[in-house]
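In what follows, a structure is listed as structure tokens, so that the remarks can point back to it.
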Amino acid sequence: MKKLLKYFLCLVLSISILPSILPNNIYANDDIIQDENLNIEIEIGEPVYQKGISTYSTTKTVSNYKKYYYKNDKGETLWIATLTGTFEYNGSTSKCLSASVSVSNISSGWQVFSKKASTSGNQAKASVIMRYTPAMSLYPVNFTLSCSPTGSFY
């Protein structure tokens with residue numbers, strides 16, 4: 001019974017402390033965003049079309065990526081998050097078929113706490129939480145890659 005009570009108290013304390021160490025979300029919707037000495041630069045790749053698609057087909061399948069470079073106030077890259085999506089479009093509609101997210105070039109002191117990717121309509125979505133271990137701070141980041149009905153990415 002004492003062990004159960006001890007685990008329960010630890011759980012309650014963990015839940016009550018967690019919101020106080022989480023900073024505000026960083027939403028990467030602009031070219032450069034700042035949040036407490038953390039800068040974000042965004043790069044959208046060149047589309048890669050599926051091979052073997054007939055030129056007579058009105059529906060095209062294309063893959064692309066969006067890279068987010070997270071840098072400190074000195075301009076040094078702390079980590080790079082890459083969202084990759086595969087899309088289908090036909091001139092009047094578009095939809096995201098699949099999405100994946102990866103984190104690379106992780107600097108010392110940083111760790112991937114969690115990451116996930118999903119699709120919604122014409123968007124590939126990613127959610128990444130990075131942990132800065134020296135301060136035990138968590139940095140949640142959410143971002144999207146969208147494809148227009150004409151195959152433009154934003």
Side-chain angles (χ1 to χ4, degrees), residues 1-50 61-89 93-149 151-154:
M1 184 67 173
K2 286 183 181 181
K3 281 187 178 184
L4 183 60
L5 182 60
K6 189 185 298 184
Y7 289 123
F8 178 73
L9 287 175
C10 287
L11 177 65
V12 169
L13 285 173
S14 298
I15 291 171
S16 64
I17 292 172
L18 186 60
S20 67
I21 64 171
L22 287 174
N24 294 332
N25 282 351
I26 302 168
Y27 291 95
N29 294 326
D30 299 319
D31 291 336
I32 299 175
I33 299 171
Q34 291 188 332
D35 181 71
E36 296 182 23
N37 301 321
L38 185 63
N39 300 310
I40 303 171
E41 294 179 11
I42 302 170
E43 167 194 340
I44 297 179
E46 291 296 319
V48 177
Y49 294 90
Q50 298 283 332
T61 304
V62 60
S63 296
N64 204 347
Y65 67 86
K66 203 173 196 182
K67 284 190 177 187
Y68 296 81
Y69 296 84
Y70 296 87
K71 299 182 176 190
N72 62 17
D73 54 357
K74 297 176 186 173
E76 301 165 332
T77 300
L78 301 173
W79 75 84
I80 302 169
T82 304
L83 172 60
T84 304
T86 301
F87 300 85
E88 192 175 76
Y89 69 93
T93 63
S94 62
K95 69 178 178 178
C96 184
L97 303 174
S98 66
S100 64
V101 63
S102 63
V103 182
S104 60
N105 294 56
I106 303 170
S107 292
S108 176
W110 288 92
Q111 294 178 329
V112 177
F113 185 75
S114 71
K115 63 180 181 163
K116 71 175 185 176
S118 61
T119 64
S120 177
N122 69 334
Q123 294 183 327
K125 296 183 173 190
S127 176
V128 175
I129 301 176
M130 295 296 291
R131 177 178 22 205
Y132 185 57
T133 52
M136 293 307 290
S137 299
L138 296 176
Y139 290 84
V141 183
N142 301 293
F143 45 92
T144 61
L145 173 63
S146 301
C147 180
S148 75
S152 297
F153 288 90
Y154 54 97

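Source: prediction; values computed, not measured.
Remark: side-chain polar atoms of Ser94 are not paired, donor with acceptor, to backbone N or O of Tyr89 under 3.5 angstrom.
Glu88 CD to Lys95 NZ: the interatomic distance, rounded to the nearest 0.5 Å, is 5.0 Å. Remark: Tyr68 OH to Ile80 CD1 distance equals 13.5 Å, nearest 0.5 Å. Here Thr144 contributes atom OG1 and Tyr154 contributes atom OH; the two are 8.5 Å apart, rounded to the nearest 0.5 Å. Rounded to the nearest 0.5 Å, atoms CG (Asn39) and CG (Asn72) are 8.0 Å apart. Between the CZ atom in Phe87 and the OG atom in Ser148 there is a gap of 10.5 Å [rounded to 0.5 Å]. Put simply, OH on Tyr69 and OG1 on Thr77 are 8.0 Å apart, with the number rounded to the nearest 0.5 Å.
In this structure the side chain of Trp79 reaches within 4.5 angstrom of the side chain of Met130, judged on heavy atoms. Taking the side chain as every heavy atom from C-beta outward, Ile40 and Phe143 never approach each other to under 4.5 Å.
Within 6.0 Å of the CZ atom in Phe113, the count of heavy atoms belonging to other residues, nucleotides or ligands does not exceed 12. For Glu46, the CD atom is loosely surrounded, since the number of other residues' heavy atoms within 6.0 Å does not exceed 12.
Nearest heavy atoms, Thr86 versus Ser63: OG1-OG, 3.1 Å. Closest non-hydrogen pair, Val62 versus Pro47, comes out as CG2-CB, 3.4 Å. The two residues Leu145 and Leu83 make their nearest non-hydrogen contact at N-CD2, 3.5 Å.
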Extract all donor-acceptor atom pairs below 3.5 Å that involve side chains of residues 114-127 and protein atoms in other chains or at least two apart in sequence.
residue : atom : partner : partner atom : Å
Asn122  : ND2  : Cys147  : O            : 2.9
Gln123  : NE2  : Ser146  : OG           : 3.3
Ser127  : OG   : Asn142  : OD1          : 3.2

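With ring centers used as reference points, Tyr139 lies 6.0 Å or more from Tyr70.
Screening Lys67, Lys71, Lys66 against Glu41 for a salt bridge (charged side-chain N to carboxylate O under 4.0 Å, His left out) leaves a single residue, Lys71.
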